[in-house]
There are 2 protein chains.
Amino acid sequence: MATITRGELAKRCDINFETVRYYERQGLIAIPARNASNYRVYDEETVRRIRFIKRAQEVGFTLKEIQDLLALRVRRGARCSDVVARADAKIADIDARIRSLGAMRRSLVALAKQCEGGDASISKCPILDAFEAPA
Amino acid sequence: MATITRGELAKRCDINFETVRYYERQGLIAIPARNASNYRVYDEETVRRIRFIKRAQEVGFTLKEIQDLLALRVRRGARCSDVVARADAKIADIDARIRSLGAMRRSLVALAKQCEGGDASISKCPILDAFEAPA
DNA sequence: CTTGACCTTGTTGTTGCCTACAAGCTGTAG
DNA sequence: CTACAGCTTGTAGGCAACAACAAGGTCAAG
């Protein structure tokens, strides 16, 4: 039942058919098993993995960084202290991104509020204030 | 005092000298005034603008999207309802990104905790759980 | 038993975002 | 007055992340 083809995988993850092969070449997904006809066969974990990749990309991680994220759990033999250190670094990175987004959000809210006040002339620029919060 | 050259601008914003010209071509910064020697001269607002661009890029906005963000305040003649609607859309977008990052953060914290517990064998994969929160 | 959708490989093209020339003008320090 | 950093233009190169071929094998429907 759980034999997913390349086309099905692409459709379910909403990515291009060829992108699957690209991710395979880049080592982002495991090299898949093949059926009798030499077709690639995938499982549900690959679906989840690609969806994770997409979400991580949307918030600004490069494929290389995503590889790092995914590699954290793969190295079963890795020492825990190392994994923790790498995880902590990524958490700090994520926190910085969240702070940046928070600053932008506040700027946009201020902009919208200025408009709603009926003040048609936007004198100052709240958007550019976003940089004030240190990255 | 406030005459900033291209090289100074690049240095202060920590971007490449040529990138300034690229941003000018893309309409991300205003076409600058020129001094007697035909050198581009910039002001502090351009510094802030480029810093904003950099921060927005780091959290995953494309240059096109950043242009949209910056355009929100430029159109002085724009109707307020329009600006508010566009700002609200961007806020929703930002909220989605923050939620994604929050899910990833929780996954990483769970991973680190599993490790700290002295449990050297990482059985499940908390990172892949990140996709469970809807984008 | 052929049509058409799907898969295989290798290779090339595209888009976004820079980055790096070359050839020449400008401005200042020694 | 010359060296040298810094500016000008136009144009070309480069990397990430795909996307799109071509030429052919596979398989279910009619």
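Given the structure is predicted, the values throughout are model-derived calculations rather than measurements. Lettering follows sequence order; numbering is per chain, from 1.
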Can you check the [X] [atom1] to [N] [atom2] distance for me, whole Å?
X	N	atom1	atom2	answer
Phe17(B)	dG10(D)	CZ	C1'	14 Å
Lys64(A)	dC15(D)	NZ	P	14 Å
Glu58(B)	dC18(C)	CD	C1'	15 Å
Arg40(A)	dT26(D)	CZ	P	15 Å
Phe61(B)	dG16(C)	CZ	P	18 Å
Tyr23(A)	dA19(D)	OH	P	8 Å
Asn35(B)	dG6(D)	CG	P	16 Å
Lys54(A)	dA17(D)	NZ	P	15 Å

Closest approach to the side chain of Asn38(A), judged atom by atom: which nucleotide of dT8(C), dC17(C), dC7(D) is it?
dT8(C)
Picking from dC6(C), dA20(C), dG6(D), which would you name as closest to the side chain of Tyr39(B)?
dG6(D)
Under 3.5 Å donor-acceptor pair, Tyr22(B) side-chain atoms to dG16(C) base atoms:
no
Ignoring hydrogens and angles, answer whether the base of dC21(D) and the side-chain atoms of Glu18(A) contain a donor-acceptor pair closer than 3.5 Å.
yes
Flag the pair Glu18(A) and Arg21(A) as a salt bridge only when some basic side-chain nitrogen lies within less than 4.0 angstrom of an acidic carboxylate oxygen.
yes
Using a strict cut-off of less than 4.0 Å between a Lys/Arg side-chain nitrogen and an Asp/Glu carboxylate oxygen, indicate whether Arg97(A) and Asp93(A) qualify as a salt bridge.
yes
Think Thr19(B) has a side-chain N or O under 4.0 angstrom from the OP1 or OP2 of dT19(C)?
yes
side-chain N/O Arg6(A) vs dC6(C) OP1/OP2, d < 4.0 Å:
no
Mapping Asn16(B) and Thr5(A) onto DNA chain C by nearest heavy atom, which one lands closer to the 5' end?
Thr5(A)
Are any non-hydrogen side-chain atoms of Asn35(B) and Thr3(B) less than 4.5 angstrom apart?
no
Under 4.0 angstrom, heavy atoms only, what part of the nucleic acid is [X] near: base, sugar-phosphate, or nothing?
X	answer
Gln57(B)	sugar-phosphate
Arg21(A)	base
Ile15(A)	nothing

For Arg34(B) and for Lys11(B), locate the closest nucleotide of DNA chain D by heavy-atom distance; then report the residue assigned to the nucleotide nearer the 5' terminus.
Lys11(B)
For Ile4(A) and Leu9(A), the nearest pair of non-hydrogen atoms, with its separation, is CG2-N, 3.6 Å
Cation-pi check, Arg6(A) to Phe17(A): give yes when NZ or CZ is under 6.0 Å from the six-membered ring centre and within 45° of the ring axis, no otherwise.
yes
